[in-house]
K.L.:
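For reference, the structure I am asking about is given below.
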Amino acid sequence: QDIEKATGIKPVTGLLNRKNKVKIENDRTIDDMIPDYSIIDPNTNAYLKNSYPMSNAYFGYTTRGCIRKCDFCAVRILEPKCIKYRSIEKQIKETEKKFGAKKDLMLLDNNVLSSPCFDKIIDEIIEAGFYKGAKSGKAKRYVDFNQGLDARLLTREHMKRLAEIPLRPMRIAFDKLSLKDTYIKAVELAAEYGQPFLSNYILFNHEEDTPEDFYERLKINVELNARLGTQIFSFPMKFSPIFGDHNKDRKYIGKYWNKRYLRGIQCILNSTHGVVGPRKEFFEIAFGTNAKEFKQIISMPDNFILYRSKHRDNGAKEWGNIYKELDKKQIDIFIDSVSVSKRDLTLTDDTLIDKLLLYYM
């Protein structure tokens, strides 16, 4: 409705899974078409400096939709009807015919574990040549359920079947701390069945989520790596609402968050290229050894976070010493003071707080 109001163009909604839905000449069932690989080929697309890492892969869906109705996810709107099974055989053959054989398989299912046809899906993946240890020439083949697997639905039976295909990485979300036990059990199952490589989506800035919760979830991954020998790479993802005042920008601030904390996390992720690695020593340098230290880090001026080693003994230490003198009430006043644009930053009547604010001016 927003798009139609702004442009006068009526969007076509839902899946494009039948002919003539978009009412163009010679309209095919768009959902069954294979992608145009020239878009991700650097030889034909001058905008791409490096090849997209999955450009040598078949793309497809074995299911559509999702049984969940998460408010942070658009799948419930874009794919409102669950389709429990879609064959990928035809698309693989068409891709080979037009673009040649591909090494890997990228599946864009939103919740494949919810399908009652899961065994059938795994069988078809294996029949397509993607079995454990499969190679394309000398290179190992990989399967990637790119949208992630639902930890709440992962069973031992699922994991047995997933172990039959060259899944890498295994993607699981850890959206809130209340899912801690479920998430840990899923990672333990993965490790038990020889799947050490995991990619983890970490939502933050959402509803009851706090900076302490966010830090705890990251730390759990580091601890699991140490205990299980896994390599979990975390990808923090900031919540932005689909509806409401901020549905067209990235300016939403969650109930327990503020502009300074969100900016601080952005600075850390700029330094780590958006990834939280599996090593404990790396994690503790970037995010701190506990939640209190983490909140101190994300409160620092941008340059102190971005160029940590440069400023460790050149401003950051002095800033840290002053910060540690603040009590809880002073910290709240300080955070409110720095959660504004630089031009609106003003001093307070508190000498200690003002000493800190000078670093931001």
Side-chain angles (χ1 to χ4, degrees), residues 66-77 110-111 147-154 171-187 198-225 232-272 274-278 283-284 286-300 305 328 331-332 334-336 338-340:
C66 180
I67 60 170
R68 309 290 182 195
K69 304 297 177 187
C70 304
D71 68 329
F72 54 80
C73 180
V75 171
R76 61 195 164 95
I77 300 162
N110 291 294
N111 199 336
Q147 304 303 97
L149 300 168
D150 191 336
R152 292 162 288 185
L153 299 178
L154 185 68
R171 301 180 189 272
I172 307 178
F174 193 2
D175 294 323
K176 47 190 175 183
L177 196 56
S178 61
L179 294 172
K180 174 181 175 179
D181 292 343
T182 301
Y183 173 76
I184 290 174
K185 183 182 175 184
V187 175
L198 294 108
S199 178
N200 179 223
Y201 303 123
I202 298 270
L203 185 71
F204 67 98
N205 190 45
H206 179 250
E207 289 186 347
E208 301 304 309
D209 165 55
T210 68
E212 289 86 353
D213 290 347
F214 173 64
Y215 176 85
E216 179 66 19
R217 283 177 284 149
L218 292 175
K219 189 177 180 181
I220 285 169
N221 280 339
V222 172
E223 291 170 345
L224 286 170
N225 288 330
I232 306 171
F233 287 84
S234 299
F235 291 86
M237 306 184 83
K238 189 179 86 168
F239 170 69
S240 289
I242 298 170
F243 300 110
D245 294 339
H246 294 289
N247 74 328
K248 299 183 187 69
D249 61 40
R250 302 277 292 169
K251 296 179 180 179
Y252 174 80
I253 298 174
K255 181 178 178 181
Y256 296 105
W257 293 81
N258 57 66
K259 203 170 182 178
R260 182 63 247 166
Y261 286 167
L262 294 176
R263 176 61 187 164
I265 290 174
Q266 184 183 340
C267 288
I268 295 175
L269 296 177
N270 281 347
S271 299
T272 64
V275 183
V276 183
F283 169 75
E284 290 186 345
F287 290 90
T289 58
N290 54 53
K292 185 178 179 181
E293 195 173 302
F294 166 64
K295 289 177 77 172
Q296 178 178 327
I297 290 171
I298 58 177
S299 301
M300 293 196 299
I305 303 173
K328 187 181 183 304
I331 288 175
D332 290 341
F334 161 68
I335 291 298
D336 284 343
V338 290
S339 293
V340 297

K.L.:
Is any side-chain heavy atom of Phe243 closer than 4.5 Å to one of Ile77?
P.N.:
yes
K.L.:
Assess whether a salt bridge exists between Arg217 and Asp209, defined as any Lys/Arg side-chain N lying under 4.0 Å from an Asp/Glu carboxylate O.
P.N.:
yes
K.L.:
Which value, rounded to the nearest 0.5 Å, describes the distance between Lys251 atom NZ and Ser240 atom OG?
P.N.:
12.0 Å
K.L.:
With a 3.5 Å cut-off and sequence neighbours excluded, list the donor-acceptor pairs that the side chains of residues 173-182 form with protein atoms.
P.N.:
none

K.L.:
Considering only heavy atoms from C-beta outward, does the side chain of Phe287 approach that of Val276 to under 4.5 Å?
P.N.:
yes
K.L.:
Indicate the atoms forming the closest heavy-atom contact of Ala186 with Ala151, along with that distance.
P.N.:
CB-CB, 3.9 Å
K.L.:
Looking at every non-hydrogen atom in both residues, tell me the closest pair between Tyr261 and Pro211 and how far apart they are.
P.N.:
CD1-CG, 3.8 Å
K.L.:
Is there a side-chain contact between Ser299 and Val338 (heavy atoms, below 4.5 Å)?
P.N.:
no
K.L.:
Provide the closest heavy-atom pair for Glu212 versus Ala291 in the form atom of the first, atom of the second, distance.
P.N.:
CG-CB, 4.0 Å
K.L.:
Quick check for you: to the nearest 0.5 Å, what is the distance between Lys219 atom NZ and Phe283 atom CZ?
P.N.:
7.5 Å
K.L.:
Do Arg68 and Leu153 have side chains that approach each other closer than 4.5 Å (heavy atoms only, starting at C-beta)?
P.N.:
yes
K.L.:
How many angstroms lie between atom NZ of Lys259 and atom CG of Asp336, to the nearest 0.5 angstrom?
P.N.:
13.0 Å
K.L.:
In terms of heavy-atom contacts, does CG of Asp245 have more than 12 from other residues, nucleotides or ligands at under 6.0 Å?
P.N.:
no
K.L.:
Atom CD of Glu284 and atom CG of Asn290: how far apart are they, to the nearest 0.5 Å?
P.N.:
9.0 Å
K.L.:
For residues 199-207, which side-chain N or O atoms pair as donor and acceptor with protein atoms under 3.5 Å away, sequence neighbours left out?
P.N.:
unit_1: Ser199; atom_1: OG; unit_2: Arg171; atom_2: NH1; d: 3.3
unit_1: Asn200; atom_1: OD1; unit_2: Asn221; atom_2: ND2; d: 2.7
unit_1: Asn200; atom_1: ND2; unit_2: Ile172; atom_2: O; d: 2.6
unit_1: Tyr201; atom_1: OH; unit_2: Asn146; atom_2: O; d: 2.7
unit_1: Asn205; atom_1: OD1; unit_2: Gly254; atom_2: N; d: 2.6
unit_1: Asn205; atom_1: ND2; unit_2: Phe239; atom_2: O; d: 3.3
unit_1: Asn205; atom_1: ND2; unit_2: Tyr252; atom_2: O; d: 3.1
unit_1: His206; atom_1: NE2; unit_2: Asp71; atom_2: OD1; d: 2.9
unit_1: His206; atom_1: NE2; unit_2: Asp71; atom_2: OD2; d: 3.3

K.L.:
Quick one, Ser234 and Val275 - any side-chain contact, counting heavy atoms below 4.5 Å?
P.N.:
no
K.L.:
If we ignore hydrogens and angles and just use 3.5 Å, is the side chain of Asn247 paired with the main-chain N or O of Pro241 as donor and acceptor?
P.N.:
no
K.L.:
Ring-plane angle category for Phe294 and Phe214, please: parallel below 30°, perpendicular beyond 60°, tilted otherwise.
P.N.:
tilted
K.L.:
Can you name the side-chain contact (heavy atoms from CB on, under 4.5 Å) partners of Asn270, sequence neighbours left out?
P.N.:
Gln266, Leu306
K.L.:
Quick check for you: to the nearest 0.5 Å, what is the distance between Arg260 atom CZ and Met300 atom CE?
P.N.:
9.0 Å
K.L.:
Side chain of Tyr215, backbone of Gly288: donor and acceptor closer than 3.5 Å?
P.N.:
yes
K.L.:
For a quick test of reading the model, state the closest non-hydrogen atom pair linking Lys238 to Arg250 and the distance between them.
P.N.:
NZ-O, 3.0 Å
K.L.:
Count the heavy atoms of every other residue, nucleotide or ligand shown that sit under 6.0 Å from NZ of Lys328, and state whether that count exceeds 12.
P.N.:
no
K.L.:
Using every non-hydrogen atom in the two residues, find where Cys66 and Asn111 come nearest and quote the distance to one decimal.
P.N.:
SG-ND2, 3.5 Å
K.L.:
How far apart are the closest heavy atoms of Ile297 and Ile305, and which atoms are they?
P.N.:
O-CD1, 3.3 Å
K.L.:
Using a strict cut-off of less than 4.0 Å between a Lys/Arg side-chain nitrogen and an Asp/Glu carboxylate oxygen, indicate whether Asp150 and Arg152 qualify as a salt bridge.
P.N.:
yes
